[in-house]
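Okay, structure first, notes after.
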Amino acid sequence: MKIASWNVNSLNVRLPHLEQWLGAFAPDVVGIQETKLEDHKFPDTALAGLGYRSVFAGQKTYNGVAILARGRAIDDIQLGIPGFEDEQKRVIAATIDGVRIVNLYVVNGQDVGTDKYAYKLRWLEAVHDWIASELQAHPKLVVLGDFNIAPDARDVHDPEVWNDDHILTSTAERDALRRLQSLGLHDAFRLHSDEAGVFSWWDYRQAAFRRNLGLRIDLTLVSDALRDAAVGSGIDQEPRTWERPSDHAPAWVRLAG
DNA sequence: ATGGTGGGATGCCCA
């Protein structure tokens with residue numbers, strides 16, 4: 001089973017990209033972030049024509065998440081973090097083929113010390129507590145999404161800029177990610193590679209993609225029970241080369257069986 | 001250099 005995460009930065013603009021990529025990459029499950037679409041505008045019919053069922057939670061302009069599954073039922077759908085009041089549509093979870101999928105669009109946080117940064121840390125705390133109970137109920141768990149955190153120095157193009165005091169790499173953000181992983185979640189990419197400079201996001205500005213000035217902030221985390229099943233993981237940078245691309249590339253993990 | 005590029009409920013906000 002091939003499971004992927006892609007921040008499309010507006011599904012209105014990127015539906016053709018998603019359709020092309022679904023045909024080329026043929027993922028079994030996809031978590032999508034930043035759809036920026038209200039639910040009545042979600043292109044579920046178009047995606048069904050490609051063989052994908054979809055569940056989604058969206059809003060205008062900002063945020064919006066979805067899970068797609070090819071030829072498989074999508075069960076036990078959860079929208080948002082239970083018990084955590086949040087206007088922003090950033091979380092959707094569902095069970096597919098006995099695997100629990102949690103799709104996160106983690107708060108960006110703007111800058112260290114801002115209100116948005118404080119919201120990011122509160123939000124990550126709530127995710128931690130919820131995932132702890134999800135793991136009890138669903139040992140076969142994949143937590144994927146746009147984490148808006150680069151795990152370590154290998155995951156940034158310039159560690160002097162992206163340092164302990166910078167947004168997306170600050171100590172508190174990385175500590176929150178480590179704490180989440182300490183529940184028993186493994187960065188699938190790092191199960192198979194210690195390579196530096198493999199990124200999933202590049203700023204639209206300054207020709208950053210061409211110069212590979214990026215970050216690896218789109219992650220697929222697999223639970224202890226799935227660790228041995230995770231036989232491959234990577235980032236498909238091809239869609240980032242297309243016309244009018246998302247600023248993110250899809251991250252993926254392959255589960256055996 | 002507080003810039004720069006892109007999406008959208010556009011003349012501003014968010015990433």
Side-chain angles (χ1 to χ4, degrees), chain A residues 5-21 30-43 46-47 56-66 80 85-92 103-124 127 144-151 155-158 160-163 165-170 172-174 176-177 199-219 235 237-251:
Chain A
S5 171
W6 194 9
N7 181 323
V8 296
N9 185 20
S10 168
L11 189 50
N12 187 42
V13 173
R14 239 64 76 179
L15 179 59
H17 304 69
L18 178 62
E19 290 175 333
Q20 183 174 341
W21 181 73
V30 189
I32 296 173
Q33 305 88 34
E34 281 205 270
T35 60
K36 303 185 180 179
L37 290 178
E38 291 182 294
D39 291 345
H40 72 272
K41 292 188 173 174
F42 193 89
L47 295 170
F56 39 85
Q59 63 191 101
K60 281 187 208 173
T61 314
Y62 309 118
N63 312 310
V65 286
E85 283 296 314
D86 197 350
E87 301 283 299
Q88 305 189 12
K89 307 294 189 188
R90 296 180 171 278
V91 174
I92 188 167
N103 177 24
L104 304 178
Y105 175 43
V106 175
V107 177
N108 175 285
Q110 191 176 44
D111 278 306
V112 173
T114 62
D115 288 350
K116 288 176 190 165
Y117 184 74
Y119 165 52
K120 181 176 196 173
L121 296 179
R122 276 202 316 279
W123 193 92
L124 288 165
V127 165
L144 55 75
D146 175 359
F147 280 72
N148 270 318
I149 302 170
D155 304 312
V156 307
H157 69 269
D158 185 349
E160 297 206 357
V161 170
W162 299 93
N163 60 29
D165 302 313
H166 202 284
I167 195 66
L168 311 190
T169 53
S170 72
E173 291 168 88
R174 283 174 162 165
L177 177 59
F199 304 134
S200 67
W201 172 84
W202 303 259
D203 200 294
Y204 283 120
R205 294 165 280 195
Q206 318 272 354
F209 179 66
R210 182 178 57 72
R211 301 156 69 203
N212 198 32
L213 306 181
L215 305 176
R216 192 174 68 90
I217 55 178
D218 299 271
L219 310 178
I235 296 162
Q237 299 190 351
E238 219 227 293
R240 190 63 174 78
T241 70
W242 296 347
E243 286 296 314
R244 208 179 179 191
S246 168
D247 45 352
H248 293 254

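Order of the sequence lines sets the chain letters (A, B, ...), proteins ahead of strands, with each chain counted from 1.
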### Query
What is the nucleic acid contact for A/Tyr105, judged by heavy atoms within less than 4.0 Å: base, sugar-phosphate only, or nothing?
sugar-phosphate
## Note on the structure
Contacts of A/Asn9 and A/Gln206 projected onto DNA chain B by closest heavy atom; the upstream (5') one is A/Gln206
## Note on the structure
Walking DNA chain B from its 5' end, the first of A/Asp146 and A/Val13 to be reached, judged by nearest nucleotide, is A/Val13
#### Entry: Shortest non-hydrogen contact from A/Asp146 toward A/Asn7
OD2-ND2, 3.0 Å
### Task
Starting from the C-alpha separation in whole Å, work towards a yes-or-no answer on side chain to side chain donor-acceptor pair (under 3.5 Å) for A/Tyr117 and A/Ser170.
CA-CA 10 Å; A/Tyr117 184 74; A/Ser170 72; 2.7 Å; yes
### Message
If I pick the P atom on B/dG4 and the same atom on B/dA9, what distance separates them, to the nearest angstrom?
### Response
24 Å
### Message
Centroid separation under 6.0 Å, is that true for the rings of A/Trp21 and A/Trp6?
### Response
yes
### Query
Within 45 degrees of the axis of the six-membered ring of A/Phe199 and under 6.0 Å from its centre: does A/Arg216 put its NZ or CZ there?
no
### Query
P atom, B/dT5 versus B/dT10: distance in rounded Å?
22 Å
### Message
Under a 3.5 Å threshold, yes or no: a donor from one side chain and an acceptor from the other, between A/Asn108 and A/Tyr119?
### Response
no
### Which atom of A/Ala57 lies closest to which atom of A/Ile92, heavy atoms considered
N-CD1, 4.2 Å
### Query
Without hydrogens or angle criteria, can the side chains of A/Asn12 and A/Lys41 be said to hold a donor-acceptor pair below 3.5 Å?
no
### Query
In dot-bracket notation, what is the pairing pattern of DNA chain B, taking Watson-Crick (N1-N3 plus N6-O4 or O6-N4) and G-U wobble (N1-O2 and O6-N3) contacts under 3.5 Å, with [ ] crossing and | for other strands?
....(((.....)))
### Message
Using atom C1' in both nucleotides, what's the gap between B/dG8 and B/dC13 to the nearest angstrom?
### Response
9 Å
### Task
Between B/dG11 and B/dA1, how far apart are the P atoms? Round to whole Å, please.
32 Å
### Nucleotide interval of DNA chain B bounded by contacts with chain A (heavy-atom cut-off, under 4.0 Å)
B/dG4 to B/dA15
### Message
If we count only N and O atoms by modelled type, under 3.5 Å, do the side chains of A/Ser10 and A/Glu34 hold a donor and an acceptor together?
### Response
no
#### Entry: Separation of the P atoms in B/dG7 and B/dT2, to the nearest angstrom
25 Å
### Message
Please enumerate all residues that pass side chain to side chain contact (heavy atoms under 4.5 Å, CB included) together with A/Leu213, with sequence neighbours excluded.
### Response
A/His157, A/Ala208, A/Arg211
### Query
How would you label the contact of A/Asn12 with the nucleic acid (heavy atoms, under 4.0 Å): base, sugar-phosphate, or nothing?
sugar-phosphate
### Query
A/Arg210 near the nucleic acid: base, sugar-phosphate alone, or nothing, with a heavy-atom cut-off under 4.0 Å?
nothing
